[in-house]
**Student:** 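Before we start, here is the structure in question, set down as structure tokens.
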There are 2 protein chains.
Amino acid sequence: MTEDNYSTEQRPYHHGDLHQAIVSAALEVLSETQSTEFSLRELARRAGVSHNAPYKHFADKRELLAAVSAVGFELLAKQMTDATKEFDSPRERLGAMARAYICGGVNNPALYRLMFGGYLSGHDHVRPAVEIIAGEKMKALLVDAISDGALGRPIPNTAANKREIDGAILVFWSQMHGLTLLLVDGRVGPSENMVELSESVFQGMLEGLAKRIPAIPAVTWIGSPAPTE
Amino acid sequence: MTEDNYSTEQRPYHHGDLHQAIVSAALEVLSETQSTEFSLRELARRAGVSHNAPYKHFADKRELLAAVSAVGFELLAKQMTDATKEFDSPRERLGAMARAYICGGVNNPALYRLMFGGYLSGHDHVRPAVEIIAGEKMKALLVDAISDGALGRPIPNTAANKREIDGAILVFWSQMHGLTLLLVDGRVGPSENMVELSESVFQGMLEGLAKRIPAIPAVTWIGSPAPTE
DNA sequence: CAAAAAAGTTGACACGGGCAACATTCAATT
DNA sequence: AATTGAATGTTGCCCGTGTCAACTTTTTTG
């Protein structure tokens, strides 16, 4: 139907903002199919444009996916920022970020996998700048919360504290990244419990397994029978 | 050269164990190219067989990759088992497993990504049985170490302790999984430090960030300048 | 206003996934 | 030992995709 209108409406030779349109289409298809195995041609079709038009905006599929990934990082950073707004204590803010991070990942697994998967780091290609910058922004959020005292005491973001902060971020990020992916891949579930799970794991991370093992909701591991409860 | 020999040696119509040969070829190509984007036809070529022969052993590419993934799990489980052999204390054994896990992942990123990536969980397909079983074996290793007392006190693997053990495994696995992938994807580095890093993160996990932030080696985050040291 | 650059179009090619039909070998069963 | 059905391999084909090349239509710019 829209097709017909377009053909009579003699849509202009130039699309207006095809770059944006292609990225949007990619995000759509990615959400719908949860796979990066769509074709550029499919995106072109959706944008109502010839099968080669996208190549005027992206050198190859990789570059398009990089742009999509960058959007993903911006989205996630925004969700994390928003999530912290309603909290005052640094500790609560960090927890909120953890939750937002995990929810963001679970709510669009394919996008999260694209962002962190090897598609873009592979080969000899360098990670595209736009994507790196977006990733940096995310890290800055963590640094802020930690230096504000999320770990129990303030750790000013100075050169002297760099190693310590790096260590904390590494632990935190690994933990959240790992949990997100286990959920996303269905290795552990059910992901409806992700909020409780992230809370538990977050607690466990702060207090240490040797001190107190976090009480987690009943989980199912892939291949195991559902929890009998 | 080998090609020529084959043609004169009138190799038998049946290959002998093509299934195995294809999986091996896949593992080779995967290691070489660090990508799952090879073609079945390429594997067929390597096995010296017609382009459609593999389809007698694998319904489609997915199924082949699942078999490769399963081998990956078995390999990893073996490395973890071996790594624990030289240690007596459960705590050291768990640490050794963590190290082996991370090394295993970093040493063949594409394989690790295949094992845990969404390629196999996506769509409506169910995770292949052989792969699930291999994954279960790995989890059993963790359960053993934990119930033996790796976390400071023994936690018998009883129904009553299920929740606690599940919680511990979830934290541990997420942490290691996440760290492995950050290293594998080059988000944090350099991965030559992976042993020290895994040790630090492991310590941090046991003691808790709120108590003591682990001292980690100087790391580089993607996009950041190399550490000035 | 001409000329170059940008954005889109059409056509072509090679390659890969996967179906179908056929060939060869192996393994049971009689 | 002969027959026959199941495994295993092979050849040929179709279709969709990535991507290069050459051409057209706008837009921008000197």
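So you know, we letter chains A, B, ... as the sequences are listed, proteins then strands, and number each from 1. Because only heavy atoms are used, hydrogens play no part in the values below, and waters and symmetry mates are left out as well, while side chains stay in.
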**Student:** Any salt bridge linking Arg163(B) with Asp166(B)? Criterion: basic side-chain nitrogen under 4.0 Å from a carboxylate oxygen.
**Tutor:** no

**Student:** Roughly, in whole Å, what's the span from NE2 in His57(A) to P in dA6(C)?
**Tutor:** 12 Å

**Student:** For Arg41(A) and Lys61(B), take the nucleotide of DNA chain C holding the closest heavy atom to each; which residue's nucleotide lies nearer the 5' end?
**Tutor:** Arg41(A)

**Student:** Using a cut-off of 4.0 Å on non-hydrogen atoms, how would the nucleic acid contact of Phe58(B) be classed: base, sugar-phosphate, or nothing?
**Tutor:** nothing

**Student:** May I ask you to check if Lys61(A) and Phe38(A) form a cation-pi contact, with NZ or CZ under 6.0 angstrom from the six-membered ring centre and within 45° of the axis?
**Tutor:**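 Yes, a cation-pi geometry holds between Lys61(A) and Phe38(A).
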
**Student:** Any idea which of dT10(D), dG18(C), dG8(C) is nearest the Lys56(A) side chain?
**Tutor:** dG8(C)

**Student:** Does a side-chain N or O of Arg45(A) approach OP1 or OP2 of dG16(D) to a distance below 4.0 Å, or not?
**Tutor:**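 The answer is no; no side-chain N or O of Arg45(A) sits under 4.0 Å from OP1 or OP2.
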
**Student:** Do Ile169(A) and Trp221(B) have side-chain heavy atoms sitting under 4.5 Å apart?
**Tutor:** yes

**Student:** Starting the side chain at C-beta, find the nucleotide from dT19(D), dG17(C), dT8(D) nearest to Asp60(A).
**Tutor:** dT19(D)

**Student:** In whole angstrom, what separates Glu63(B)'s CD from dG18(C)'s P?
**Tutor:** 11 Å

**Student:** Reckon Ser50(A) touches a base, only the sugar-phosphate, or nothing at all at heavy-atom distances under 4.0 Å?
**Tutor:** base

**Student:** Atom CD of Glu37(B) and atom P of dG17(C): how far apart are they, to the nearest Å?
**Tutor:** 11 Å

**Student:** In whole angstroms, how far is the P atom of dA7(D) from the OH atom of Tyr55(B)?
**Tutor:**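 So the two atoms are 20 Å apart, to the nearest Å.
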
**Student:** Specify the separation, in whole Å, of atom CZ of Arg46(B) and atom P of dG16(C).
**Tutor:** 13 Å

**Student:** Expressed in angstrom and rounded to an integer, what is the separation of Phe38(B) atom CZ from dG16(C) atom P?
**Tutor:**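 These atoms are roughly 12 Å apart.
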
**Student:** Below 4.0 angstrom, N of the basic side chain to O of the carboxylate: do Asp144(B) and Arg93(B) qualify?
**Tutor:** no

**Student:** Want to settle it: does Asp17(A) or Asn52(A) sit nearer the 5' end of DNA chain C, counting the closest nucleotide to each?
**Tutor:**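 Residue closer to the 5' terminus by nearest nucleotide: Asp17(A).
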
**Student:** Tell me the interatomic distance from Ile22(A), atom CD1, to dG8(C), atom C1', rounded to whole angstroms.
**Tutor:**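 The answer, rounded to whole Å, is 12 Å.
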
**Student:** Does dG12(D) have OP1 or OP2 sitting under 4.0 Å from an N or O in the side chain of His51(B)?
**Tutor:** no

**Student:** In whole Å, what is the span from the CG atom of Leu43(A) to the P atom of dT19(D)?
**Tutor:**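 One finds 13 Å between P of dT19(D) and CG of Leu43(A), rounded.
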
**Student:** Can the ring centroids of Tyr112(A) and Phe73(A) be said to lie less than 6.0 angstrom from one another?
**Tutor:** no

